[in-house]
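Not measured: the values here are computed from a predicted model. Counting starts at 1 for both ligands and their atoms, in listed order. Positions are given from 1, in the same order as the sequence printed here.
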Amino acid sequence: MKNGAQYRKTLRQLRPNLFKWGKPLGDVTKNLATKLHVDAIAACYDAAFDPEQASLFTAESHLTGKRAHRWNTLMRSPEDVLANARMKRAQFQRTGACHGATCAGWTMLNALWAVTWEVDQARGSGYHARLERYFRYLEENGLATAGALTDAKGNRSLGAAAQPSIDSYLHVKEVREDGIVVRGVKAQICGVAAAHEIVCVPGGGLKEDEGAFAVAFAIPRDVEGLTVVETRRPSDTRDEEQGWDAPKAGGVSQAFLLFDDVFVPNERIFLQGEHEYAALFISIFTALYRAPIGACVAGQGDVMIGAAIELAQAAGLSQKTFQERLTRMAINNETTFGMGIGAIFNGKAHPSGLWIPDPLLSHVNKVLVATLPYENKRIAQEIGGGIVETGCFPSYKDLTSPLYGKALLDSLAAASDGETRARLARLLEWLTVGGGIPGCLNGGGSPDGARVVVRVLEPWKKFAEKARQIAGVK
Ligand SMILES: Cc1cc2nc3c(=O)[nH]c(=O)nc-3n(C[C@H](O)[C@H](O)[C@H](O)COP(=O)(O)OP(=O)(O)OC[C@H]3O[C@@H](n4cnc5c(N)ncnc54)[C@H](O)[C@@H]3O)c2cc1C
């Protein structure tokens with residue numbers, strides 16, 4: 001395992017292929033656009049050596065039996081998936097933000113564990129043994145993996161093969177004896193700046209003529225031919241400014257990945273052309289991903305509750321004034337967390353060894369995750385007042401201006417000094433209308449997609465039959 005300093009060192013050794021504002025980002029551990037996110041992941045690495053946190057941030061390896069970073073292991077039991085959820089809540093409580101580099105890629109590899117097992121059973125492809133070797137490599141080197149599923153997609157009413165530009169979907173351009181050449185675009189990928197590796201998977205179910213898009217593989221983040229463009233975010237001012245406008249933790253990182261003829265050696269390919277397994281992958285991945293994400297928004301909601309209480313008190317109002325609304329926020333948080341736990345413990349073991357949460361409850365959770373946190377954001381803004389809601393609040397540079405900074409700060413002073421209110425207002429603004437929003441709505445897939453799964457899985461006819469029986473209707 002690595003500690004935070006060792007992790008940062010390995011990130012600095014990667015080829016600088018990240019860009020933002022039209023320029024190279026350089027050192028991701030120092031550039032203000034990515035530093036806070038890297039810091040958040042570094043804290044997860046340090047947690048492995050903290051006796052109080054180690055049991056959450058590490059797990060027993062399914063391959064070696066040794067302790068490993070949790071995000072390098074297979075989730076084999078409901079307890080393993082629950083620990084993932086608890087780790088996510090702890091991560092969000094520490095930073096208020098998402099931890100892509102210890103999340104999506106890991107879950108994709110877990111889902112691939114089951115899918116490659118099934119392909120091997122049917123066809124003897126050898127993918128599963130490759131994936132096992134790759135897992136071993138991740139564990140031995142303590143690596144962080146981003147996960148790239150979402151394609152640029154082009155026209156949403158057309159399939160991958162029917163797009164005017166084939167590059168709208170990541171695809172195999174050329175098959176060589178020693179590997180494949182891929183090109184296309186993956187969009188809105190979380191945590192790439194803080195990851196050593198990127199796991200790429202199909203973005204949806206695929207048809208027979210879409211075999212070129214049925215490809216799953218892993219690449220180093222700095223592989224030749226890959227350009228990573230960090231997105232512009234509403235949190236930019238918060239992440240990239242100094243002083244009270246910049247937090248101590250909690251930057252998010254999102255990126256577009258431009259694959260310009262990237263070579264992937266055979267050893268790192270886990271699916272290639274098996275279009276009929278793309279839907280199976282999506283169903284396992286979403287069941288496994290959408291159960292624990294209730295803990296992410298719960299963890300962020302915990303910070304929102306804390307910030308709302310503190311800001312109310314700084315304004316001279318007691319917690320009691322807002323207790324009913326704070327309780328509503330807590331109920332929303334525990335609903336997504338608890339629904340996830342329900343999905344986890346209602347799941348079942350796959351013969352490959354992976355534990356798969358109950359898909360119906362996982363997708364119900366996805367819909368709750370896309371809705372309840374927004375009620376919490378509205379309540380937090382009610383409690384915080386206008387300085388939180390609209391961004392109608394001067395910047396750090398103005399609040400510390402030698403010309404008028406003192407007058408501004410004095411005007412903010414209430415039960416606390418002006419600086420305390422300023423800091424808390426910036427945090428709550430970020431959590432409710434800024435970069436703190438990611439992770440809720442489309443992150444992990446659109447809620448409409450989840451609603452479709454609920455519609456398909458719910459036993460409507462059985463319920464109608466029960467009603468007929470009770471009513472005595474023939
Ligand atoms: C914070 C955040 C983090 C993310 N992290 C990752 C990540 O780490 N890895 C990753 O792979 N992806 C990631 N994503 C991407 C995420 O998976 C997508 O945003 C999501 O799947 C929705 O896709 P889209 O944004 O292209 O929306 P669109 O496809 O444009 O969808 C917009 C709306 O149209 C609907 N729609 C789309 N197509 C159809 C259709 N054919 N018929 C009817 N309705 C349709 C959708 O349901 C949705 O309501 C992240 C997104 C966010 C916001």
Side-chain angles (χ1 to χ4, degrees), residues 37 40-41 71 88 91-92 95-112 144-160 162-163 168-170 184-195 197-207 213 215-219 221 228-235 250-257 259 278 281-282 285-286 288-290 292-293 296-297 300 363 366-367 369-371 373-374 377 430-431 434-455:
H37 187 66
I41 303 294
W71 52 91
K88 283 177 161 55
Q91 285 170 325
F92 267 76
T95 63
C98 180
H99 292 246
T102 57
C103 178
W106 169 38
T107 309
M108 287 171 195
L109 287 170
N110 270 256
L112 280 172
T145 51
L149 176 150
T150 310
D151 294 280
K153 288 191 288 199
N155 184 332
R156 269 56 175 169
S157 59
L158 301 175
Q163 293 297 331
S168 296
Y169 282 76
L170 185 66
V185 178
K186 290 281 189 188
Q188 309 162 37
I189 310 305
C190 203
V192 177
E197 294 268 319
I198 306 171
V199 178
C200 298
V201 293
L206 294 167
K207 297 197 239 49
F213 308 95
V215 61
F217 58 85
I219 40 164
R221 194 215 73 197
V228 179
V229 183
E230 275 285 310
T231 57
R232 196 201 71 78
R233 300 176 300 263
S235 58
V252 278
S253 158
Q254 293 284 129
F256 272 53
L257 311 183
F259 291 80
F281 170 80
I282 296 291
F285 169 72
T286 50
L288 190 56
Y289 196 68
R290 293 174 173 185
I293 58 171
C296 301
V297 293
Q300 192 185 57
H363 288 89
K366 167 68 231 194
V367 177
V369 162
T371 44
Y374 289 90
K377 288 173 199 301
W430 181 78
L431 288 167
I437 286 176
C440 288
L441 219 159
N442 282 297
S446 86
D448 264 4
R451 287 187 189 98
V452 169
V453 180
V454 172
R455 200 184 67 211

* **Any side-chain heavy-atom pair of Pro202 and Tyr169 under 4.5 Å** => no

* Under 4.0 Å from any heavy atom of Gly443, which atoms of ligand 1 are there? -> 2 (C), 3 (C), 50 (C), 51 (C), 52 (C), 53 (C)

* Asked: Does any N/O atom on Cys190 come nearer than 3.5 Å to any N/O atom on ligand 1?
  -> yes

* To do: Looking only at distances, please establish whether an N/O atom of ligand 1 is found under 3.5 Å from an N/O atom of Ser446.
  => yes

* **Aromatic plane relationship, His37 with His99 - under 30° parallel, 30 to 60° tilted, over 60° perpendicular** => tilted

* Asked: Which value, rounded to the nearest 0.5 Å, describes the distance between Lys186 atom NZ and Lys153 atom NZ?
  -> 10.0 Å

* To do: Please step through side chain to side chain donor-acceptor pair (under 3.5 Å) for the pair Gln188 and Thr231, ending with a clear verdict.
  => CA-CA 8 Å; Gln188 309 162 37; Thr231 57; over 6 Å; no

* Asked: When you measure from atom 38 (N) of ligand 1 to each heavy atom in Met108, Gln188, Arg451, Arg156, which option holds the nearest one?
  -> Arg156

* Give the atoms of ligand 1, by number and element, whose distance to some non-hydrogen atom of Gly445 is under 4.0 Å. => 17 (O), 20 (C), 21 (O)

* Partners meeting side chain to side chain contact (heavy atoms under 4.5 Å, CB included) with Val215 (sequence neighbours left out) -> Val172, Ile180, Phe217

* To do: Give the contacting part of Ala148 toward ligand 1: side chain, backbone, both or neither, where contact means a heavy-atom distance below 4.0 Å.
  => backbone

* **Min N/O separation Gly147 to ligand 1 under 3.5 Å** => yes

* To do: Within a distance under 4.0 Å of any heavy atom of Lys153, pick out the atoms of ligand 1 and give their elements.
  => 23 (O), 24 (P), 26 (O), 29 (O)

* Go through the steps to decide whether Gln300 and Lys377 satisfy the test side-chain contact (heavy atoms from CB on, under 4.5 Å), and finish with yes or no. => CA-CA 10 Å; Gln300 192 185 57; Lys377 288 173 199 301; 3.2 Å; yes

* Lys186 contact mode with ligand 1 (heavy-atom cut-off under 4.0 Å) -> neither

* Kindly determine whether Trp71 and Thr145 satisfy side-chain contact (heavy atoms from CB on, under 4.5 Å), including the steps that lead there. => CA-CA 8 Å; Trp71 52 91; Thr145 51; 5.8 Å; no

* Distance filter under 4.0 Å to Leu149 heavy atoms, resulting ligand 1 atoms -> 10 (C), 11 (O)

